[in-house]
Amino acid sequence: MSNDERDAGTSGVVLSFLLGALSGAALAILFAPRSGRETREILGEKLRETAERGRDLGERAVEKGKEVAEDASGFVERGRDVLEKRRDRLAAAVEAGRQAFRDEKEKM
């Protein structure tokens, strides 16, 4: 049996399983011991709960994003300060070297 045949067999099994699950769910809703009105009310309630959970998760994600952005901004600012200090020290060292060169040149 080749790999292609095995892959086709595996995907067929998975597809059959998914179709069976969907069919079972549909039949369970159709033959539920509740009236259509009760089923619609329950589905509506679950939909509202899910929407509320989605809003809560969205709000938490936005807050977390803001925190991460603030942390990143602080990190960038600290990095900028460190680079400016190093640049200033390097500029001072270069200027000191130039001055030392000028002093030695004048001695000659």
Side-chain angles (χ1 to χ4, degrees):
M1 182 181 268
S2 71
N3 283 338
D4 291 338
E5 290 172 350
R6 247 182 282 174
D7 291 343
T10 303
S11 62
V13 170
V14 171
L15 182 59
S16 298
F17 177 78
L18 290 175
L19 287 174
L22 289 173
S23 300
L27 288 172
I29 289 174
L30 289 174
F31 290 106
R34 294 185 180 95
S35 70
R37 182 180 197 161
E38 288 177 278
T39 303
R40 285 191 300 275
E41 287 174 0
I42 291 171
L43 289 174
E45 182 180 324
K46 294 296 181 187
L47 181 63
R48 284 188 292 280
E49 289 174 5
T50 303
E52 182 64 30
R53 258 189 280 154
R55 278 191 292 276
D56 290 343
L57 287 173
E59 289 172 2
R60 280 192 261 160
V62 168
E63 288 300 317
K64 188 66 173 175
K66 287 179 182 177
E67 290 174 14
V68 169
E70 288 173 6
D71 290 347
S73 176
F75 180 75
V76 168
E77 191 62 37
R78 286 189 301 273
R80 185 178 294 136
D81 290 343
V82 168
L83 286 175
E84 287 177 4
K85 288 177 184 177
R86 288 184 180 179
R87 183 194 64 205
D88 293 345
R89 283 192 305 183
L90 179 62
V94 167
E95 185 55 39
R98 286 180 181 163
Q99 188 60 43
F101 176 76
R102 281 187 229 122
D103 291 346
E104 287 299 318
K105 189 177 176 181
E106 288 177 7
K107 286 181 184 177
M108 294 180 132

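No hydrogens, no waters, no symmetry mates; every other heavy atom, side chains included, goes into these values. In this text the structure is predicted, and so the values were computed from the model without any measurement.
Within 6.0 Å of CZ in Arg86 there are 12 or fewer heavy atoms belonging to other residues, nucleotides or ligands.
Leu90 forms part of a hydrophobic cluster together with Val94, judged by ILVMFWY side-chain heavy-atom separations under 4.5 Å.
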**Asked** Could you go step by step and tell me if Arg78 and Val82 meet the side-chain contact (heavy atoms from CB on, under 4.5 Å) rule?
**Response** CA-CA 6 Å; Arg78 286 189 301 273; Val82 168; 5.6 Å; no
**Check against side-chain contact (heavy atoms from CB on, under 4.5 Å), Glu63 and Arg60** = CA-CA 5 Å; Glu63 288 300 317; Arg60 280 192 261 160; 5.7 Å; no
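Separating the CZ atom in Arg53 from the NZ atom in Lys46 is a distance of 8.0 Å, to the nearest 0.5 Å. In this structure, Phe101 CZ and Glu106 CD are separated by 11.0 Å, a value rounded to the nearest 0.5 Å.
A salt bridge does not link Arg48 with Glu45: none of the charged nitrogens is closer than 4.0 Å to a carboxylate oxygen. Note on Lys107 versus Glu104: salt bridge recorded, some NZ/NE/NH1/NH2 to OD/OE distance being below 4.0 Å.
Side-chain contact between Arg80 and Glu84: present, with at least one pair of heavy atoms (C-beta onward) separated by less than 4.5 Å. Here the side chains of Arg55 and Glu52 are in contact, with some heavy-atom distance below 4.5 Å.
At distances below 3.5 Å, not a single donor-acceptor pair connects side-chain atoms of Ser73 with backbone N or O atoms of Ala69.
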